[in-house]
Each structure stands twice: as C-alpha cells, then as structure tokens.
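Each remark here refers to the structure printed beneath this line.
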Amino acid sequence: MAAFIVMSCLLGLGGCKKDMNDIIDDEPCVRGVVSETSDAYIVIEVNKDDDLYEDYSRILVSLEVENEKNMTDFTIGDEVAVYYNGTIEQSLPPQIHDVYAILELYEDE
C-alpha cells in the first residue's frame, strides 16, 4: 500500500504537492527581475550573478504554478526566485513551463 502512495506521488497521480521547504531545498532555482507580465506568464531578466545567466538572459515563466500560496501579483521590476523542474524549453525567449513556486524577493534577502 505504501509503495502505491509513493508511486502515485512520484507520477503526479495522487495529487501530492511538494512542501515549500522541500521545493526550496531540492529544486533548481533561477533569480531575476520581472520585465513583462500577463495573466499566463511573466518574463524575467536573469540576474547576472545567477548560474543560468551565461546561457539565458531572459526567460518566460508560466504562472501555472504548483504551489500558488506564495505567489503574488507581479509587477515590472519585482525581483523573483523561480523554482522549477530543471527544464528550460529552447525557444525565443526560452521558457519554463513546470514551475513549483515563484517567490518575490525583498531587499533584505
């Protein structure tokens, strides 16, 4: 029985959502500043000190987020951290579709 529950969570069939602490500890993250907004996505300008900056200066990020309770309405100029599944679609601009959480960062972080 336990194996079935674990397998369901892994396959996404059981409706198991990741805990926010697990997302922050375990998932890839990209940080940047919001440069465009819509109802379906935001575009971020990747921070120059982020590891992804060499390959991606701008990324379109889906707002279909697994952990929505930490999302806010984003405005241009907000600094955010995007936690995702590690896959960035190679398009213009590059895109992240499988988003676990988006956190707005503040000056003291």
Stepwise side-chain contact (heavy atoms from CB on, under 4.5 Å) check, Ile23 with Tyr100 | CA-CA 7 Å; Ile23 291 170; Tyr100 298 126; 3.9 Å; yes
Taking every heavy atom of Pro93 against every heavy atom of Leu60, the minimum-distance pair comes out as CG-CB, 4.0 Å
Mind checking the OH-OG spacing from Tyr84 to Ser62? Nearest 0.5 Å is all I need.
-> 14.5 Å
Would you kindly say whether Tyr56 and Gln90 are connected by a side-chain donor-acceptor distance under 3.5 Å?
-> yes
Distance-minimising heavy-atom pair for Val43 and Arg58 = CG1-NH2, 3.3 Å
Thr37 versus Phe74, closest heavy-atom pair with distance | CG2-O, 3.5 Å
Smallest heavy-atom separation, Val34 atom then Val80 atom, equals CG2-CG1, 4.0 Å
Shortest non-hydrogen contact from Met20 toward Ala101 = CE-CB, 3.4 Å
Got more than 12 heavy atoms from elsewhere within 6.0 Å of CD, Glu89?
-> yes
Report yes if some heavy atom in the side chain of Ile24 is under 4.5 Å from a heavy atom in the side chain of Leu103; otherwise report no.
-> yes
Rounded distance (nearest 0.5 Å) linking atom CG of Leu52 with atom CD1 of Ile88 | 4.5 Å
Are there more than 12 heavy atoms of other residues, nucleotides or ligands under 6.0 Å from atom CG of Asn85?
-> yes
Polar side-chain atom of Asp25 near backbone of Asp22 as donor-acceptor pair, under 3.5 Å | no
Heavy atoms of Glu27 and Tyr83 approach each other most closely as O-CD2, 3.9 Å
Side-chain contact test, heavy atoms from C-beta onward, threshold under 4.5 Å: evaluate it for Val33 versus Asp78 and give yes or no.
-> no
Could you give the distance from CD1 (Ile42) to CD1 (Ile76), rounded to the nearest 0.5 Å?
-> 11.0 Å
Would you call Ile102 and Val61 a side-chain contact if the rule is heavy atoms closer than 4.5 Å?
-> yes
For the side chain of Asp50 and the backbone of Arg31, is there at least one donor-acceptor N/O pair under 3.5 Å apart?
-> yes
Linking I/L/V/M/F/W/Y whenever any side-chain heavy atoms sit under 4.5 Å apart, do Val65 and Tyr41 land together?
-> no
Following the transitive rule for hydrophobic clusters with a side-chain heavy-atom cut-off under 4.5 Å over Ile, Leu, Val, Met, Phe, Trp and Tyr, establish whether Tyr53 and Val30 coincide in one cluster.
-> yes
Does any non-hydrogen side-chain atom of Glu66 lie less than 4.5 Å from one of Asp98?
-> no
